Amino acid sequence: MLILGEILRPSGDGGPGAGNFFTEKNMAYERKTIDPAQIQAQRDICAGIARRFEEQGRRPLALVDTYGCQQNEADSEELRGYLALMGCGFTQDEFQADIIVVNTCAVREHAEMRVLGNVGALNHSKKNKPEQIIAVCGCMVQQQHMAEKLKKSYPVVDLVFGPHELWRFPELLKQVMDRHKRVFAAEDSQGVMAEGLPRQRDGKVKAWLSIMYGCNNFCSYCVVPYVRGRERSRRAEDVVAEARELVAAGYKDITLLGQNVNSYGRDLGSELDFSDLIRRINDIPGDFLIRFMTSHPKDATEKLFKTMAECEKCAHQLHLPVQSGSDRILKLMNRNYDSAKYISQVELARSYMPDLVLTTDIIVGFPGETEEDFEDTIKLVEKVRYDAMFTFIYSKRVGTPAAKMPDPYTREEKQRHFDRLTETANRISGEKHKEYEGKTVKVLVDGETGREEYNLSSRTNGGRLVHLKGDRSLIGRFVRVKIVSSNTWALYGEIV
Ligand code: SAH
Ligand code: SF4
């Protein structure tokens with residue numbers, strides 16, 4: 001499948017990975033699956049490392065620090081899975097840790113700056129504990145210029161590896177331990193499929209379930225397709241088997257993850273699409289909820305909305321990033337839809353699910369975005385009325401087409417737009433939350449807040465946050481609550 005917009009023709013200047021801009025050649029992905037024997041070999045390496053620590057008579061401690069999206073959270077669970085096989089306990093204290101893994105994000109500069117600041121500060125913990133091993137992995141280091149930067153300017157870092165190398169983290173760590181040398185593994189790649197990695201999950205109620213990796217959309221501002229490789233779907237059998245395990249283990253809230261879940265299965269050459277996958281998971285016996293993210297509007301279908309409405313376990317929640325309300329900007333972004341198509345999709349989705357909770361992402365200050373373009377975004381937001389919005393100021397990413405577009409507006413102008421959009425978003429969220437007051441809704445209790453008055457947190461079917469007062473034994477249970485008050489960010493309820 002090729003999606004070649006005019007602005008996306010290979011340009012030849014340096015991109016984030018060695019491959020620069022994508023070409024027809026690197027869009028043609030040949031599925032590469034890691035042999036299960038190789039994963040077993042990684043597990044064996046873990047066992048060897050565990051024995052080594054045991055002989056030294058100590059239980060090592062590891063710290064995994066995660067930046068960015070849910071996919072990174074899911075990847076960190078695999079890193080922890082491997083570390084647990086190495087006999088590690090876990091800590092949040094960098095001065096106690098024997099192994100530190102920083103799992104990074106590249107979507108915006110702000111996240112990269114935070115990572116670099118925090119990695120630089122690890123000088124102190126390493127000085128205290130010279131045998132400490134510091135690894136930096138994830139999307140940021142898959143960009144060649146960032147891997148170089150760590151190599152040159154951050155001698156405190158012992159190991160650097162990109163998302164495509166995660167499956168062989170034990171082998172890379174062992175190389176550092178054996179050779180007492182720095183190891184760098186972030187070759188340009190279209191990505192591999194690896195099943196059967198160990199995983200240490202974060203919670204007991206909510207679980208991430210990756211259904212696909214990578215992205216083929218090449219939105220002109222976005223670095224993800226360069227660092228995460230081509231779109232590749234897990235086999236439906238593997239996804240459903242994992243969902244079954246989660247339900248059997250008592251998980252009640254399963255979020256299916258992919259950069260564009262609506263194109264699930266296209267690369268598998270099977271008839272089964274994302275809606276069919278939802279149905280298969282919905283058929284698993286048990287009391288649980290299915291959520292998913294992210295949906296690209298260009299690929300959302302009536303079949304999907306119908307499936308969501310018909311599957312009783314599928315939450316009526318849709319994260320449908322619009323990015324901009326201006327057709328001119330959407331074109332420059334290479335999003336492949338216009339505002340009219342987007343709005344008609346929202347209307348269609350709401351016709352199937354009148355109670356749909358709808359959220360979105362919006363970028364403010366895309367290169368050349370004018371006052372008029374911005375007003376179009378405000379108009380769209382006022383029309384659609386999102387339950388919640390994630391708003392970002394455009395961040396220039398090395399090697400993406402947008403990075404070369406003229407960008408005449410100042411940071412102050414962009415900030416002014418950003419503030420106005422945030423105010424609009426907050427007002428609408430507050431108004432939508434107010435509508436819940438006095439109503440009784442079913443929620444899943446998912447954790448503690450640490451506060452006395454409203455000590456428990458929970459989510460509605462549509463994913464809205466509800467604070468409650470109740471016994472902690474309710475965690476993991478569905479209960480009915482009456483909403484008594486609300487604000488922009490949350491609802492407050494009483495158990496009925
Ligand atoms: N695959 C998802 C999004 C992944 S990135 C999708 O297409 O919806 C999450 C969000 O970060 C995007 O939706 C976008 O709003 C924002 N984003 C991505 N690149 C950005 C950039 N260069 N500057 C600012 N925001 C960006
Ligand atoms: Fe980035 Fe999402 Fe567009 Fe893919 S679909 S390029 S991840 S914004």
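Being a predicted model, the structure only gives us computed values, none of them experimental. Both ligands and their constituent atoms are indexed starting at 1 by order of listing.
For the pair Arg230 (side chain) and Pro225 (backbone), a donor-acceptor distance under 3.5 Å is present. Proximity of a side-chain donor or acceptor of Glu171 to a complementary backbone N or O of Gln42 within less than 3.5 Å is not detected.
Between the side chains of Gln317 and Asn461, not a single donor N or O lies within less than 3.5 Å of an accepting N or O. Side-chain contact of Asp361 with His319: a donor-acceptor pair under 3.5 Å is present, judged by distance alone. His164 and Gln190 are not linked by any side-chain donor-acceptor pair at a separation below 3.5 angstrom, with hydrogens and angles left out of the test.
If you look at atom 3 (Fe) of ligand 2, the protein N, O or S atoms less than 2.8 Å from it are Cys219 SG.
With sequence neighbours left out, the side-chain contact (heavy atoms from CB on, under 4.5 Å) criterion links Arg280 to Ala236, Val240, Leu272. Residues passing the salt bridge (Lys or Arg N to Asp or Glu O under 4.0 Å) test with Glu237 are Arg235, sequence neighbours excluded.
Regarding atom 8 (S) of ligand 2, its nearest protein heavy-atom neighbour is Tyr221 OH, 3.4 Å.
Checked options Asp338, Thr370, Asp373, Thr377; the residue passing with Ser326 is Asp373 (criterion: side-chain hydrogen bond (donor to acceptor under 3.5 Å, both in side chains)).
Protein residues having a heavy atom under 4.0 Å from any atom of ligand 1 are Val107, Arg108, Tyr221, Gln259, Thr294, Pro321, Gln323, Arg335, Asp361, Ile363, Phe392, Ile393, Tyr394, Ser395, Arg397, listed by chain and number.
Annotation: cation-pi geometry not satisfied between Arg228 and Tyr213 (NZ/CZ under 6.0 angstrom from ring centroid, within 45° of ring axis). Both tests hold for Lys151 against Phe184: distance to the six-membered ring centre under 6.0 Å, angle to the ring axis within 45°.
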